[in-house]
Amino acid sequence: MASLSLRHIYKKYPGGVTAVSDFNLEIKDKEFLVLVGPSGCGKSTTLRMIAGLEEISEGELFIGDRLVNDVAPKDRKIAMVFQNYALYPHMSVFENMAFGLKLSKVPKEVIKKKVEEAARVLDITHLLDRKPKALSGGQKQRVALGRAIVRDPQVFLLDEPLSNLDAKLRATMRTELTKLHNRVETTFIYVTHDQVEAMTMATRIVVMKDGLIQQVATPQNLYDNPVNIFVAGFIGTPQMNFMNGKLTKRGDDVYFVFEGNELLVPKEKFIVPEDSKQEKHLVDYIGEEVVAGLRPECIHDDELSISRCEGATLNADVDVTELMGAEIYLYLKVGEEGKMTARVSSRSTTRAGETIKIGFDMERMHFFDKDTEVCIVH
């Protein structure tokens with residue numbers, strides 16, 4: 001088992017293109033770390049540098065206490081599972097899983113034992129004699145995982161391994177991968193653009209954008225305390241609602257004013273923590289424009305919840321409603337430009353075309369600097 005240390009890692013291509021910039025991260029032993037971000041953010045490039053499939057332009061990569069910048073991929077004690085499974089079509093499942101061990105001159109009886117054990121863990125024992133063309137997508141994925149497991153790697157690298165599966169199978173395989181991680185007790189580094197996969201499986205998530213780390217945190221901390229607008233908008237489904245407005249003081253109260261509406265900002269938002277290292281706090285933005293962010297589940301359409309949103313109610317036009325089974329998404333229009341999504345109970349009687357009263361849970365409102373997009377207060 002192994003920890004990893006990535007120190008000031010860069011990946012630069014000819015022509016001045018920098019895919020990954022100053023990547024610094026300590027990955028704990030047995031951690032399930034997920035790299036997440038939009039296409040082209042550098043997450044797969046980072047994974048391939050860890051695997052040794054891409055050369056590191058600058059910086060140092062340690063697996064355990066061993067510097068591996070110049071170590072060949074086969075000698076790094078890692079195993080990689082690819083998006084397209086990369087199975088040999090002319091070989092049986094058993095032969096595919098055993099192939100790496102045969103190349104390493106492992107004795108036949110040891111190979112048989114390891115393959116059968118991995119097949120039992122992955123519930124594919126009955127498939128060992130089949131060829132890949134006779135397998136479903138989920139079964140091929142298990143074989144690819146099995147091929148990695150038999151090598152007893154210190155680190156598992158998984159590059160969008162579920163993206164070729166249908167939605168139901170993806171959900172099942174997410175659970176299976178989490179159970180597998182708990183069973184084999186190895187460090188997993190997983191790349192995906194699907195933030196649902198990241199939120200459900202990771203012990204920690206690394207959010208990337210344009211080759212730079214935006215934030216590293218546990219799933220819950222990332223959801224509750226995003227460091228900037230990008231992270232806040234990327235994590236969460238439906239995404240966070242953003243509103244451009246101004247903080248205006250009247251008497252002892254401060255209101256967030258947008259689209260002709262005034263929302264009373266809780267006084268707790270203006271308390272400056274003693275250990276704060278921020279240069280500016282919300283109190284410094286009074287009279288200035290800011291961006292407010294609110295999760296869809298913090299916008300309410302039922303009378304009981306609205307009654308608790310004192311000083312933070314307004315009227316909205318309902319454009320579309322989507323019944324999702326256990327909940328309903330309301331797509332709302334506020335004023336001329338304001339568009340937002342509310343996630344409400346499936347018992348809601350709100351219908352498209354209506355003008356309704358909604359309440360905002362201001363305790364959970366985030367405020368961001370309009371220019372830097374950095375979070376001021378959660």
Under a 4.5 Å cut-off applied to non-hydrogen side-chain atoms, are Ile189 and Leu4 in contact?
-> yes

Of all pairs that satisfy salt bridge (Lys or Arg N to Asp or Glu O under 4.0 Å), the ones with a partner from residues 54-63, not counting sequence neighbours = Lys11-Glu54, Lys12-Glu58, Arg48-Glu54

Side-chain (His181) to main-chain (Lys30) donor-acceptor, under 3.5 angstrom = yes

Verify the neighbour count for atom CG of Asp65: are there more than 12 heavy atoms of other residues, nucleotides or ligands below 6.0 Å?
-> no

Single-linkage hydrophobic cluster Leu135~Val150, side-chain heavy atoms < 4.5 angstrom = yes

Please collect all ring pair (Phe, Tyr, Trp, His ring centres under 6.0 Å) contacts where either partner lies in residues 41-62, sequence neighbours excluded, each pair once.
-> none

Any Val291 side-chain heavy atom under 4.5 Å of Ile229 side chain | yes

Applying salt bridge (Lys or Arg N to Asp or Glu O under 4.0 Å), which residue pairs with at least one partner in residues 241-252 are found, sequence neighbours left out?
-> Arg250-Glu262

Would you give me the side-chain donor-acceptor pairs under 3.5 Å for residues 313-338, sequence neighbours excluded?
{"residue": "Asp317", "atom": "OD1", "partner": "Thr355", "partner atom": "OG1", "Å": "2.7"}
{"residue": "Glu322", "atom": "OE1", "partner": "Tyr331", "partner atom": "OH", "Å": "3.0"}

What's the spacing between Cys309 SG and Leu263 CG if we round to 0.5 Å?
-> 10.0 Å

Looking only at heavy atoms, the pair that brings Tyr223 and Gly236 closest together is CE1-CA, 3.8 Å

For the hydrophobic clusters of this structure (ILVMFWY residues joined by side-chain heavy atoms under 4.5 Å, transitively), does one cluster hold both Ile235 and Phe368?
-> no

Can you list the residues that meet the side chain to side chain contact (heavy atoms under 4.5 Å, CB included) rule with His378, with sequence neighbours excluded?
-> Asn225, Pro226, His366, Cys375

Qualifying salt bridge (Lys or Arg N to Asp or Glu O under 4.0 Å) pairs, either residue in residues 85-113, two or more places apart = Lys112-Glu116

Does any N or O in the side chain of Asp284 come within less than 3.5 Å of the main-chain N or O of Lys280, such that one atom is a donor and the other an acceptor?
-> no

Could you pull out the closest heavy-atom pair between Ala148 and Pro153, with the gap in Å?
-> O-CD, 3.3 Å

Classify the side-chain pair Asp301/Ser348 by whether it contains a donor and acceptor separated by less than 3.5 Å.
-> yes

Phe156 and Val184, any side-chain heavy atoms less than 4.5 Å apart | yes

Nearest heavy atoms of Ile9 and Gly59, plus distance in Å = CD1-C, 4.0 Å

Intermediate values then yes/no, side-chain contact (heavy atoms from CB on, under 4.5 Å), Tyr13 and Thr45 = CA-CA 11 Å; Tyr13 291 105; Thr45 304; 3.8 Å; yes

Residues forming a side chain to side chain contact (heavy atoms under 4.5 Å, CB included) with Ser21, sequence neighbours excluded | Tyr10, Thr18, Leu212

Mind checking the CD-OG1 spacing from Gln141 to Thr172? Nearest 0.5 Å is all I need.
-> 12.5 Å

Under 6.0 Å from the CZ atom of Arg347, do we count more than 12 heavy atoms belonging to anything else shown?
-> no

Please confirm whether the backbone N or O of Ile78 pairs with a side-chain atom of Arg151, one donor and one acceptor, at under 3.5 Å?
-> yes

How far apart are the C-alpha atoms of Leu25 and Val216, what are their side-chain angles, what is the distance that settles it, and do they pass the side-chain contact (heavy atoms from CB on, under 4.5 Å) test?
-> CA-CA 9 Å; Leu25 189 64; Val216 183; 4.0 Å; yes

Assess whether side-chain contact (heavy atoms from CB on, under 4.5 Å) is satisfied between Lys43 and Glu160, documenting all intermediate values.
-> CA-CA 10 Å; Lys43 55 190 186 296; Glu160 305 210 19; 3.8 Å; yes

Output all residues satisfying side chain to side chain contact (heavy atoms under 4.5 Å, CB included) with Val110, sequence neighbours left out; order by chain, then residue number.
-> Val106, Pro107, Lys114

What's the verdict on side-chain contact (heavy atoms from CB on, under 4.5 Å) for Leu122 and Leu145, showing C-alpha distance, side-chain angles and the deciding distance?
-> CA-CA 8 Å; Leu122 293 163; Leu145 286 166; 4.3 Å; yes

Please check if Val374 and Ile213 belong to a single hydrophobic cluster, counting links between Ile, Leu, Val, Met, Phe, Trp and Tyr side chain heavy atoms closer than 4.5 Å.
-> no

So the salt bridge (Lys or Arg N to Asp or Glu O under 4.0 Å) pairs with at least one residue in residues 200-212 (sequence neighbours excluded) are Glu31-Arg204

Take the angle between the ring planes of Phe32 and Tyr190 and call it parallel below 30°, perpendicular above 60°, tilted in between.
-> tilted

Between OG1 on residue Thr218 and CD1 on residue Ile205, distance to nearest 0.5 Å | 8.0 Å

Could you tell me whether Lys339 and Glu259 have a side-chain N and a carboxylate O separated by less than 4.0 Å?
-> no

For Val207 and Phe230, the nearest pair of non-hydrogen atoms, with its separation, is CG1-CE2, 3.7 Å

Between Ala118 and Ile149, which heavy-atom pair has the shortest distance, and what is it?
-> CB-CG2, 4.1 Å

Under 3.5 Å, is there a donor-acceptor pair between the side chain of Glu288 and the main chain of Leu247?
-> no

So do the side chains of Ser104 and Leu101 get within less than 4.5 Å of each other, counting heavy atoms only?
-> no

Side-chain heavy-atom pair Met243, Leu294 within 4.5 angstrom cut-off | yes

In short, side-chain hydrogen bond (donor to acceptor under 3.5 Å, both in side chains) pairs touching residues 226-242 with sequence neighbours left out are Gln195-Thr237, Gln214-Asn228

In this structure, CZ of Arg7 is separated from CG of Leu67 (nearest 0.5 Å) by 8.5 Å

Would you find more than 12 non-hydrogen atoms of other residues, nucleotides or ligands less than 6.0 Å from Asp75 atom CG?
-> yes

Find the distance between CE (Met201) and CG (Leu180) and round it off to the nearest 0.5 Å.
-> 11.0 Å

Quick one: do Met49 and Phe82 end up in the same hydrophobic cluster if we chain Ile, Leu, Val, Met, Phe, Trp and Tyr together by side-chain heavy atoms under 4.5 Å apart?
-> yes

Can you say whether the rings of Phe256 and Phe367 are parallel (under 30°), tilted (30 to 60°) or perpendicular (over 60°)?
-> perpendicular

If every non-hydrogen atom of Ile50 is compared with every non-hydrogen atom of Leu61, which pair is closest and at what distance?
-> CA-CD2, 3.6 Å

Partners passing side-chain hydrogen bond (donor to acceptor under 3.5 Å, both in side chains) against Glu354 (at least two apart in sequence or in another chain) = none

Distance from Glu26 atom CD to Ser5 atom OG, nearest 0.5 Å?
-> 3.5 Å

Met91, Met97: one ILVMFWY side-chain cluster at the under-4.5 Å cut-off?
-> no

When you measure from the side chain of Arg76 to the backbone N and O of Val68, does any donor-acceptor pair fall under 3.5 Å?
-> yes

How would you list, by chain and number, every residue that makes a side chain to side chain contact (heavy atoms under 4.5 Å, CB included) with Asp253, sequence neighbours excluded?
-> Tyr255, Leu264, Lys267

Distance-only donor-acceptor check, side chains Ser44 and Asp159, under 3.5 Å | yes

Can you check whether Met365's main-chain N or O pairs, donor with acceptor, with Lys269's side chain at less than 3.5 Å?
-> yes

